[in-house]
2 protein chains.
Amino acid sequence: MITRHSRIVRKEQSNLSSSIVSTLKDQIIHWHYPPEHRLTEAELCKKFDVSRSPVREALRVLASDGFLKKLPNRGYVVRQYNTGEIEELYEVRLALELYAVERLATKGPYNKADKEAIERLKKTWTGLLNGSSKKAEELARLDTLFHEALAHALGNRPLLQHLRAINERLMLFRMIDFAKADRVESTCRQHLDILNCIAARDTRGARAAMQRNIKEGQNNVHAAIKDALARAYLMRT
Amino acid sequence: MITRHSRIVRKEQSNLSSSIVSTLKDQIIHWHYPPEHRLTEAELCKKFDVSRSPVREALRVLASDGFLKKLPNRGYVVRQYNTGEIEELYEVRLALELYAVERLATKGPYNKADKEAIERLKKTWTGLLNGSSKKAEELARLDTLFHEALAHALGNRPLLQHLRAINERLMLFRMIDFAKADRVESTCRQHLDILNCIAARDTRGARAAMQRNIKEGQNNVHAAIKDALARAYLMRT
DNA sequence: GTACGCGAGATTGTATACAATTCTACCCAC
DNA sequence: GTGGGTAGAATTGTATACAATCTCGCGTAC
């Protein structure tokens, strides 16, 4: 692991541009910048101690992915979703996951790898139900992994990728969600419900369980969203 | 409209980089390049008569959006979806549109703008049912517009954007689909069914009609896909 | 004949120079 | 005091120079 500068992390044998993309994206996802915060090339060059070429390439990518908004001849501003758009993201998630879980419950016998994956999820979430308290961040990560594992088991790559793009933007709100004391237990039960329905080929039940799971998260976030934004603003570096 | 070079079209007051993005994306979408076709910076510089800076920025964006695959230190290759992935894209479309149409049928009275939009769609597709034959390309465009209008009426921007990203990749296959003689009439009926179900608040009916509509397209494409690829290859410039 | 190594060419990665555009602030006319 | 115009600073857009890395073929050793 080589670091050219303390602020930028170079993973594997990547280049400066992709390092800047992942660093900036991570910061935006975790709300280190307020909405509409302006980013100029010169500022980022100084911050990362690189020339404008990789910075420009990174900014274009981030703008294309919706993390930045490009102002014509005036640089970029951070694009944060507001309350309404966050709710809308939860809905898109719901649309994709309801479909995935329905297909998964319908399609019948899995191959060995899928069966093992489902078993592993069952074990993980049964374990979480019985004690072993974790931090909100870790729980959010495990929750994301659970939902992405289902999409993966369905074997639909594009669906998984769209889901990942959405989950990236919702990561902070998932953490807020799991900061609620009673949220872990209900999530465990919902996840086990989902898995059981899939195993029992109960299509309607699987959909219903998934809907409960996602909607509860959405409601928690909706209630806590102003608090969330305030915390995020404090957490920024 | 200023053109710096015959092969590249500059829209509005954009820059070279975004012009290259849209030009290349359009060519890839219409299969002007075979899968795995290699693109080098130097080649594109010559082709568009620009320097490497805008080309590099464009390539990174296209790679980030999944239109190109980046080989480490070896440039880029065109990323075309194979038969299986195209089917998967149709499934993601189905997931999003089933959800949208269900919500639309459920949510009750629209505002005036939505009502008008629905009325316009009804008129368009009633018109197409009664004669007025069009080319496959125009029909594909109208079909895409129909489906995106529904997502727009729902008022969920992220959902619309994900749908658009998918539709971009499916454009050529929609055209193939509409080249089938009897496809126009069945599409018109299905679209009118969908609109009527929405107006009647018939959630289940709306879902069923949408499912018929998308699945029929998917089946047509599946049957014709080898033919499609052959044509696309011939259509390339 | 095969394997290894070296080197030239090709290609991408990064930095910098220059051009074009836009914003801003100041000055002057009225 | 207000309005307009202009100069210069700030910022992005484009081109090019140089560095680093990889590819591939050729020659030589064994």
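Quick note on labels: first sequence line is chain A, next is B, and so on, each numbered from 1.
Comparing D/dG13, C/dT12, C/dT14 by their closest approach to the side chain of A/Arg60 singles out D/dG13. The B/Pro54 side chain lies nearest to D/dA15 when the options are D/dT11, C/dA15, D/dA15.
Atom C1' of nucleotide C/dT12 and atom CG of B/Leu59 are separated by 11 Å, given to the nearest angstrom. Look at CD on B/Glu43: it is 10 Å from P on C/dT12, rounded to the nearest Å. A straight line from CG of A/Asn15 to C1' of C/dT11 spans 14 Å, rounded to a whole angstrom. In this entry the distance linking CD of B/Glu57 with P of D/dT12 reads 12 Å, nearest Å. Taking atom CZ on A/Arg56 and atom P on D/dT11, their separation rounds to 14 Å, with Å as the unit. Between B/Glu41 atom CD and C/dG13 atom C1' the separation is 9 Å, expressed in whole Å. The CG atom of B/Leu68 sits 15 Å away from the C1' atom of C/dT12 (whole-angstrom rounding).
More than 12 heavy atoms of other residues, nucleotides or ligands sit less than 6.0 Å from atom CD of A/Glu116. Residue B/His37 places its NE2 atom among more than 12 non-hydrogen atoms of other residues, nucleotides or ligands, all under 6.0 Å distant. Environment of NZ in A/Lys70: crowded, with over 12 heavy atoms of neighbouring residues, nucleotides or ligands closer than 6.0 Å.
By the 4.0 Å N-to-carboxylate-O rule, B/Arg169 lies too far from B/Glu85 to be salt-bridged with it. With salt bridges taken as basic N to acidic carboxylate O contacts below 4.0 Å, one links B/Arg141 and B/Glu138.
Residue A/Lys70 has no polar side-chain atom (N or O) positioned under 4.0 Å from OP1 or OP2 of D/dT11. One finds no side-chain N or O of A/Ser51 lying less than 4.0 angstrom from the OP1 or OP2 phosphate oxygen of C/dT14.
Side-chain contact check for B/Asp143 and B/Thr187: no donor-acceptor pair (N or O, by modelled atom type) lies under 3.5 Å.
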Identify each atom pair where a protein N or O and an N or O of nucleotides 18-22 of chain C are less than 3.5 Å apart, giving names and distance.
none

Taking only distance into account, with no hydrogens and no angle test, what donor-acceptor pairs under 3.5 Å do side-chain atoms of residues 87-96 of chain A form with protein atoms, sequence neighbours excluded?
{"unit_1": "A/Glu87", "atom_1": "OE1", "unit_2": "A/Gln218", "atom_2": "NE2", "d": "3.3"}
{"unit_1": "A/Glu87", "atom_1": "OE2", "unit_2": "A/His222", "atom_2": "ND1", "d": "2.4"}
{"unit_1": "A/Glu88", "atom_1": "OE1", "unit_2": "B/Arg157", "atom_2": "N", "d": "3.3"}
{"unit_1": "A/Glu91", "atom_1": "OE1", "unit_2": "B/Tyr99", "atom_2": "OH", "d": "3.1"}
{"unit_1": "A/Glu91", "atom_1": "OE1", "unit_2": "B/Arg103", "atom_2": "NH1", "d": "2.7"}
{"unit_1": "A/Glu91", "atom_1": "OE2", "unit_2": "B/Arg103", "atom_2": "NH1", "d": "2.7"}
{"unit_1": "A/Arg93", "atom_1": "NE", "unit_2": "A/Glu97", "atom_2": "OE2", "d": "3.0"}
{"unit_1": "A/Arg93", "atom_1": "NH2", "unit_2": "A/His147", "atom_2": "NE2", "d": "3.4"}

Exercise. Starting from the C-alpha separation in whole Å, work towards a yes-or-no answer on salt bridge (charged side-chain N to carboxylate O under 4.0 Å, His left out) for B/Glu36 and B/Arg79.
Key: CA-CA 6 Å; B/Glu36 304 296 309; B/Arg79 168 91 170 79; over 6 Å; no

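If B/Leu39 and B/Ser53 are placed on DNA chain C by their nearest nucleotide, the residue sitting closer to the 5' end is B/Leu39.
Below 30°, between 30° and 60°, or above 60°: for A/His191 and A/Phe146 the angle between ring planes is below 30°, a parallel geometry.
Across the helix from C/dG1-D/dC30 to C/dC30-D/dG1, the helix axis at one end is tilted relative to the axis at the other end by 10° (nearest 10 degrees, each axis from five pairs).
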